Amino acid sequence: MSNAAQQKDSSPPAAAPAAQRTAISPTRAENFPEWYQEVVKAADMAENSPVRGSMIIKPYGWALWENMTAIFDKWLKNYGIQNAYFPLLIPVSFLAKEAEHVEGFAKECAVVTHHRLEKGPNGGLIPSPSAELEEPYVVRPTSETIIGDAMARWIQSYRDLPLKLNQWNNVMRWEMRTRLFLRTSEFLWHEGHCAFETADEARADALHVMGLYKKFFQDYLAFTGYDGPKTAEERFPGADETFGFEAMMQDGKALQAATSHDLGQNFSKSLGIKFQGRDGKEAHAWTTSWAYSTRTLGGMIMMHGDDDGIIMPPRVAPIQIMILPVVKNESESGELMEFCNKVAEDLKKAGFATQVDGRDMRTPDKMWSAVKKGIPVRVEIGQREMEQNSVTFVRRDLGRESKTTATVSAFMAAIQGVLDDIHNTLLNRHKNFTAANTFDAKSTTEIRDFYTAGKTGFVRVPVELLNDQSLNQFRKENAISTRCMPFEDEGRSVLLAKSY
RNA sequence: CGGGGCGUAGCGCAGUCUGGUAGCGCAACUGCUUUGGGAGCAGUGGGCCGGGGGUUCAAAUCCUCUCGCCCCGACCA
């Protein structure tokens, strides 16, 4: 409860018999939020910036995001989505057009009110009073309105439908409390916006993209979770239905990894997205929107990381294989580097993201650096290996016990399988973890007992319980939200959890 | 926005109560020895003590205002 006091006591591991030093301290068990921050730092992925709530994504973090976007972008195009770009600034009046939408976002909008600076009375620069905008702009918190406005002009006939757009961009929501990747004021995402002739098509689109997310998370990011409709209280402002993908973090809190919205005709009516139908009559289009963001990346860290730092899922890892030359003495180093580079070249030709760590550092330090960056496979090559034309490699997911020596040709033949196996190990770990942290409860009393006992995870309860006022009161007091109504239970149940 | 904690070298911290020339560990740099899971010795460099204003002969230290960070809560597709 009194967290502030507790933390201080729990963070130093009390100089106990440091059996095995972990690369990250505190450990997950000691202090999960602090562990998370340290992991991001240790991997050199991101840092806080001078701009409150906005982070700097460093090259290694960016490389991961880039991989996460490149793959999914192809899938979207394959599904018939066209990428486009819409303005960062949205006229306030646009945002105001959809009643629920304004209400949902007004509280967290950054507003642009001036177009010129001038010298202030105390030095420095101030917005020039003579340069106040007639109508302020908001920095987009999401783009439904400005894209809808364009759609209204672009769509005249049912022949213009469906219109399926997406943009990779940044948005801003003035968050009160931020954490690297998980919640930042400015964040990166893609936002898809589609318009259809019929309600069924729109619904199918929202569901289809949710399916893509699920597949992407499973096949590339190596995690699983529950997908399904959100309850009314968690719905996107202005949506008829929101589908979410909920994943369980190692501290027992849920994280929404993606959402997809069936917006019905709410936005088309307020923004005038109309078309002449096959019957010659005027009709409003049915629209959708969907997204995943840099938050998903943060979630991935919290799902796969261990006390030595992040573990990169191999299929999106910026560096899949790191080769460490183990140099004994200078005289051999030239020949050894040549050998390492040769192996690296072959791996690169075979399509694997490979690097040789040729930095002038002690070997153990390079090893830990690779560990903290979560590089799936670390290859060590010293005099021994070179003489036998072999390599020694270690899997990040299994640690030093997995150390194996193989001939170069055997390694080349096996590496794809090794990476796939790492992927599967991570995925299965997370599947088992999710299953082990999903509990069933049939009554408000059971739910109360669960949380009162200090347990965490998903609690799956019958949807009818949402009508129980005493449960709602309890949820409110304990910050327990409804996550989604899993498709697999066909609407009979809803998942409760504390969440990010 | 409420409650709590905290800003001192790149990082982690001591010094603040009781005002008197800015310290420790790690990292960095140099040299030698080392190198297959976090090395050893010797040496060197590095500070607007978050920022503004005040009190004082004198401020990291006291007063005041402010900015920022962390944790919890509220809020949050």
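Order of the sequence lines sets the chain letters (A, B, ...), proteins ahead of strands, with each chain counted from 1. A quick note: this is a predicted structure, and the numbers were derived from the prediction, not measured.
Base pairing of B:rC49 is not made with any nucleotide, judged by Watson-Crick or G-U wobble geometry with both donor-acceptor distances under 3.5 Å. Shown here, B:rC69 forms a base pair with B:rG5; the pair counts as Watson-Crick or G-U wobble because both key distances fall under 3.5 Å. B:rA28 and B:rU44 make up a base pair, with Watson-Crick or G-U wobble contacts both under 3.5 Å. Of the nucleotides present, none pairs with B:rC76 by Watson-Crick or G-U wobble criteria with both distances under 3.5 Å. The partner of B:rG36 is absent, by the rule that a Watson-Crick or G-U pair needs both atom distances under 3.5 Å. Pairing for B:rC57 goes to B:rG20, judged as Watson-Crick or G-U wobble with the two contacts each under 3.5 Å.
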Restricting to nitrogen or oxygen on both sides, can you table the protein-nucleotides 40-42 of chain B pairs closer than 3.5 Å?
none

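Remark: A:N389 pairs with no residue by the side chain to side chain donor-acceptor pair (under 3.5 Å) rule, at least two apart or across chains. Legend: residues meeting side-chain contact (heavy atoms from CB on, under 4.5 Å) with A:N472, ordered by chain and number and at least two apart, are A:Q469, A:R475.
The salt bridge (charged side-chain N to carboxylate O under 4.0 Å, His left out) contacts involving residues 251-261 of chain A comprise nothing, where partners must be two or more places apart or lie in separate chains. A ring-ring contact (aromatic ring centres under 6.0 Å, His included) check over residues 374-402 of chain A, counting only residues at least two apart or in different chains, returns the pairs A:F393-A:F411.
Nucleic acid contact for A:Q256: base, since at least one base atom lies under 4.0 Å from a heavy atom of the residue.
Using a 4.0 Å cut-off on heavy atoms, none of the residues of residues 83-92 of chain A approach RNA chain B.
Comparing B:rC71, B:rG36, B:rC69 against the side chain of A:R52 picks out B:rC69 as the nearest. Of the candidate nucleotides B:rC71, B:rC1, B:rG36, B:rC1 has the atom lying nearest to any side-chain atom of A:M176.
Using a cutoff of 4.0 Å between basic side-chain nitrogens and carboxylate oxygens, A:D360 and A:K366 are not scored as salt-bridged. Contact check on A:E241 versus A:R203 returns a salt bridge, with a Lys/Arg side-chain nitrogen under 4.0 Å from an Asp/Glu carboxylate oxygen. A:K230 and A:E246 are joined by a salt bridge, as a carboxylate oxygen and a charged side-chain nitrogen come within less than 4.0 angstrom of each other.
The side chain of A:N48 places an N or O atom within less than 4.0 Å of a non-bridging phosphate oxygen (OP1 or OP2) of B:rC70.
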